[in-house]
Amino acid sequence: MTTMPTQIDEFLLLHSARADRWREITTLAGDWSAGTGSRAAVEAKVSAIASLEEFHGFPGGKLFGALNERIATNDASGTSALARRISNALITRSYRDRPGEWDVHQETSSVEIAGVMPPTFGESESSRPYFEVLYVTSLPASQWPPMAAEIRRLRRPEDAFIYESVFVGSFEDAFCAAAVNPSIAAVVLAEGFPYRSRHDAPVLRSILDPLGEPEGSDVSALRLANALKRIRPELDLYLLSDRDVEQIAGDSAADCFRRIFYLVEEPLELHLSVQEGVQARYETPFFDNLKKYARRPIGTFHALPIARGKSVFKSDWIRDMGEFYGINLFLAESSATTGGLDSLLEPTGTIKRSQDLAARAFGADHVFFVTNGTSTSNKMAVQALTAPGDIVVVDRNCHKSHHYGMVLTGAQPYYVEAFPMTEYSMYGAVPLSAIKGALLALRAEGRLGRLKMLDLTNCTFDGHMYNVRRVMEECLAIKPDLIFLWDEAWSGFARFSPFLRPRTAMGAAADIEAWLRDPTSVAAYEVQRAELGDQPSDEALLTTRLLPDPRRVRLRVYQTNSTHKSMSAIRQGSMLLVKDVDFHSVEAQFHEAVFTHASTSPNQQLIASIDVARRQMELEGYGLVMNAIEVALKIRMVVNSHPLISKYFRVLGADEMIPATYRQSGFTDYIKPGTNWADVVTAMREDEFYLDPTRMTLVCGTAGFDGTQFKGLLAEKYGIQLNKTSRNSVLLQSNINNTRSDVAHLVRVLVEICNAIEKRLADGGADERAEFLARVKSLMTDVPDLPNFSHFHEVFRKDAGRDTPEGDMRSAFFGAYDASVCEYVPLFGAVCDQRLTEGPEMVSANFVIPYPPGFPIMVPGQVLTQETIDFMRKLDVTEIHGYERARGLKLLNPDAMTARAKR
Ligand SMILES: Cc1ncc(COP(=O)(O)O)c(C=O)c1O
C-alpha cells in the first residue's frame with residue numbers, strides 16, 4: 001500500500017492511472033519475454049498495484065494469482081500473454097460481458113485491440129449491465145474466493161444484471177474500495193470487521209482523515225454505512241448481523257440500509273435484493289412507458305402529423321430526416337392528451353414517478369422537469385417564490401433569466417457585485433461580505449421583512465463554487481426564513497462527486513439539515529450569541545462566521561440545473577429541485593409557474609432523456625464525474641507543463657481565478673508541486689470560493705488570439721467546440737463524455753497552433769515579432785475596467801430604502817413599451833459624452849446584454865455612467881442583445897422621467 005499515490009493529482013487520476021499501470025506491466029512483461037527486459041521490473045510493478053487491485057472485481061484473485069505464479073516460475077511469455085489479456089480486457093471492458101475473460105486457462109484474449117476500442121456491440125455473451133458488489137467481512141481472506149464462487153453460483157438467467165463481488169476486511173479498505181472503484185453499486189456489510197486495513201496503509205489514512213473519517217473506537221457497520229453514504233449516497237447498503245436484527249431494523253439510524261439480514265441465512269434473498277436495488281435505480285418510469293407506447297399500433301387523428309413517421313418515410317422530400325433520426329423518434333412522438341402518457345403540466349403517473357426518482361437521486365424533496373432549459377426553470381422559480389415589491393438579493397452577473405423573471409413578477413433586485421477579474425474580462429462570484437452587507441443594510445432600514453430571496457449562480461460560468469453551506473448559514477443567522485435559489489445550470493453533475501457535492505445547493509442543504517437536527521447545535525448557537533451580545537454591531541456580524549439559531553431556521557433551498565449541460569439529457573432538459581420545509585405554502589404558486597411557462601405540447605423525447613440522465617447518474621455518475629475531473633486535470637497538467645504549449649497558453653489555476661482573501665486555506669492549485677490530497681479537501685471544505693476543476697480558463701491572449709477568434713479557429717479548423725470566451729481567454733469544459741483521446745486531440749492541436757506561431761515569428765523577423773508582442777500586450781493589458789451596477793433612477797426607487805439600491809425594474813421595463821417615451825442616443829459621439837457630463841441623466845429603457853459575457857451591462861431603469869459607456873465602447877463582441885448599433889442606446893427620455901417624477 002505504500003506505493004499508493006500521495007499526490008492529489010495522482011489520487012484523482014487513479015482510474016486512468018490504473019489502465020496506464022497495466023499497460024506499463026504489459027510493456028515490461030513484453031520486454032522480459034523478448035529478452036530485453038527483466039523479471040524484477042515486472043515483479044516490482046505487479047506488486048506495487050497488488051493492494052489497489054484488491055478493490056476491483058477484475059482481474060480478481062484468480063487471474064492476479066496466476067500472473068504472480070507465472071512471474072514466480074520464470075514464465076516470461078506466459079506472463080506477457082496474461083498481462084496483455086488483462087490489460088486489454090480492462091481497457092475494452094470486455095470482462096463485463098465475456099465470462100471467458102475471467103478464465104485463467106484461456107490463453108488469448110477474446111478481444112484483441114488496436115489502440116482503444118469499445119467492446120463489440122451485439123457479440124457479447126450477455127448484454128446485461130454489469131456492476132460490482134463490495135462485501136465487508138471479518139472472515140479471513142482465504143475464504144473470500146470460495147465465497148465469491150458461491151455468490152456467482154446464485155446467478156440466474158432471469159437476472160436483469162450481472163455482478164461480481166469484491167471482498168475487503170476492514171473499515172479502511174471498504175471506504176477506499178468505494179472511493180476508487182466506480183463499478184461498485186452495492187455494499188454488503190457483515191458486522192465485526194476491524195478498522196485497520198490489512199495493508200500497511202498510511203496513504204489510505206491520508207485519504208480517510210481529510211474526508212472526516214479518522215480512526216475511532218466505533219467500528220460499527222453503521223458508522224461505515226454513514227461514511228459510505230457520505231461519499232457515495234447512491235450506493236445500496238445491506239447489513240448482515242448476528243445481533244438482534246429486528247431491533248436494529250427499528251432504529252432510525254439504520255435508515256441508510258436498504259435491507260437488514262440475519263447473517264447470510266438467505267443468500268438468494270440477498271442476491272435478489274441486490275438485483276432489485278439496482279433495478280430501482282435502473283427503472284426509468286417515463287422512458288420505459290414511452291418505449292412501450294412506441295411499440296403499440298396507434299392511429300392518430302390528433303394534431304400530431306409527424307407521429308408514427310408515415311408522412312416522413314413515405315415522402316420523397318423529407319425521408320432523409322426519418323432515416324437520420326430513425327423510426328423510434330416518430331413512434332414515440334405523442335401528446336399527453338392522447339392518453340397513456342403522463343402530463344408534464346399536472347403529472348400524476350410516470351412523469352410524477354420519474355420526478356420522484358430524480359428527487360431521490362439529487363437529494364431533493366421534489367423535482368420539476370422542465371423542457372425549455374434552465375432559462376425557464378429560473379423564471380419559474382422566481383415567479384413562484386416572489387411577488388411584486390419583494391426584494392431579491394441577486395448577483396448582477398447572473399443569467400438573464402433571473403433578471404427577466406423579476407421583470408415578470410415585479411420583484412425588486414438588490415444587485416450585489418461579484419469580484420472582478422479585470423485582466424481576463426470576467427467576473428468571479430459574490431463575496432459573502434457583500435451578501436451579508438446587503439442583508440444588514442436592509443435590516444438597518446427596517447426592510448428585512450421585504451427581502452424574500454438570495455439568488456446566486458453556483459458554479460459560475462468560469463467555475464467559482466460558493467461555500468454554499470456557509471453562505472446559507474450566515475444568511476439564516478440574519479434572516480432565518482430567507483429563501484435560496486442556486487442556479488447550478490452548469491454543475492448538476494457535481495451532486496455525484498464527493499469532492500464537489502458539499503458545494504452544491506442540495507449537498508449543503510443536507511449538511512445544514514443534519515446540523516439543525518444535532519442537539520449540540522443549539523448550544524453552539526447560544527455560545528456565539530453570548531459572545532456577540534444582544535446588539536452585535538454590523539462590524540461584528542460581518543467579521544464573525546455566524547451560526548443561525550436552529551430553533552428559528554426555516555430551511556428553504558431551490559436549485560435549477562441544465563441537465564443537458566452536464567448530464568445525458570437532450571438540449572433544453574432541465575430540472576428544478578426543491579428542498580423547502582415550507583414548500584406547502586408555495587406549492588400552488590409552483591403549479592401556476594408551471595402553467596405559465598411550460599408548453600402545453602412538451603417534447604416527450606426530452607422528458608425521457610431527463611429520466612434517463614437520472615438513471616445514468618445514479619448508476620455510473622460517480623465514475624463519470626471522476627472521469628470529467630481526470631480529463632480536466634490532465635489538460636491542466638499538459639498545457640501548463642508542455643515546453644512548447646506553455647510558452648503561449650496556460651490554464652489558470654485556483655490562485656489566478658480566486659483572490660487569496662477568498663482562499664483562506666492557502667490552496668493554490670490542483671497541479672502545483674507539493675499540493676496534496678489533504679490541501680484539496682481542506683480548500684474544498686473551508687475556502688470561501690473553490691474552483692471546479694472541470695472548468696478551465698485557457699488564456700489565449702498570450703498566443704495573440706482574442707477569445708472569439710481562438711474559439712472560431714478551434715471550431716472551424718480542428719472541430720473542437722468550446723463554450724465561452726473572454727477578451728483573452730476561452731473556457732474549456734470537461735464533461736462526462738470526454739475521453740483521453742479528446743485530451744490527446746486537444747494537445748495535438750495546441751502543439752500545431754504553437755508551431756505555426758513559432759514559424760510565423762521565425763520567418764517574419766523583427767517586425768512580425770514586434771507586431772505579435774503588441775497584439776499580446778493589447779489583449780492582455782489594455783483591458784477595459786468592468787463596470788459595477790450603477791444605480792436605478794430615483795423615479796424607480798420611490799419605495800426603495802434610503803441606503804439600499806433596489807429598484808422597480810418592472811415599471812421601467814414596461815414603461816418603455818410606449819415608444820413616445822423612448823429615445824435613442826448613439827453610443828459613440830458627442831451627444832452621449834455631453835449627457836454623461838452635463839445631463840440629463842441617461843436611463844436605460846431595456847436590458848443590454850453583450851454575449852459573451854452574457855449578463856446585463858444595463859437593466860431597465862438603470863442610470864448610465866461613464867464606466868458603463870466606456871465598457872460598452874471597448875466591447876469587441878458582435879452579439880449585444882438589446883442594443884441596435886444603427887440607432888444607439890435605447891433610453892427613457894428626460895421628459896418621461898420628469899413626468900414620472902411628478903406622479
Ligand atoms: C448560469 C446560467 N443559468 C441558466 C442558463 C440557461 O440555461 P439553459 O441554456 O438550459 O436555458 C445559463 C446558460 O448559459 C447559465 O449560464
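When a ligand or atom number is given, it counts from 1 through the structure's own listing order.
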Check this for me - ligand 1, [X], N or O atoms closer than 3.5 angstrom, yes or no?
X: Thr374; answer: yes
X: Thr376; answer: no
X: Ser375; answer: yes
X: Thr457; answer: no

Requested in this report: Ignoring hydrogens, just give me the one of Ser562, Gly373, Ser491 whose non-hydrogen atom is nearest atom 7 (O) of ligand 1.
Outcome: Ser562
Report task. Applying side chain to side chain contact (heavy atoms under 4.5 Å, CB included), run through His791 and Tyr415 and close with a yes or a no. Result -> CA-CA 9 Å; His791 55 271; Tyr415 286 122; over 6 Å; no
Taking [atom] as the reference point, the nearest protein heavy atom with its distance:
atom: atom 12 (C) of ligand 1; value: His399 CD2, 3.2 Å
atom: atom 16 (O) of ligand 1; value: Trp490 NE1, 2.9 Å
atom: atom 3 (N) of ligand 1; value: Asp487 OD2, 2.6 Å

Query raised in the report: Are Arg495 and Glu488 within salt-bridge range, i.e. N to O under 4.0 Å?
Result: no
Requested in this report: May I ask you to say whether Lys724 pairs ionically with Asp462, meaning some side-chain N is under 4.0 Å from a carboxylate O?
Outcome: yes
Query raised in the report: Side chains of Ser375 and Ser401: is there a donor and an acceptor less than 3.5 Å apart?
Result: no
Query raised in the report: Any side-chain donor-acceptor pair under 3.5 Å between Ser562 and Ser574?
Result: no
Query raised in the report: Rounded to the nearest 0.5 Å, how far does OH of Tyr718 lie from CG of Leu713?
Result: 5.5 Å
Query - Gap separating the OG atom of Ser609 from the CE atom of Met567, nearest 0.5 angstrom - result: 11.0 Å
Query raised in the report: Quick one: does His564 get a heavy atom under 4.0 Å from ligand 1?
Result: yes
Requested in this report: Over all heavy atoms of both residues, which pair between Leu432 and Glu688 is shortest? Give the atoms and the distance, please.
Outcome: N-OE2, 2.6 Å
Report summary line: One finds that the ligand 1 atoms under 4.0 Å from a non-hydrogen atom of Asn378 are 3 (N), 4 (C)
Query raised in the report: Against heavy atoms of Lys565, which atoms of ligand 1 measure under 4.0 Å?
Result: 7 (O), 8 (P), 9 (O), 12 (C), 13 (C), 14 (O)
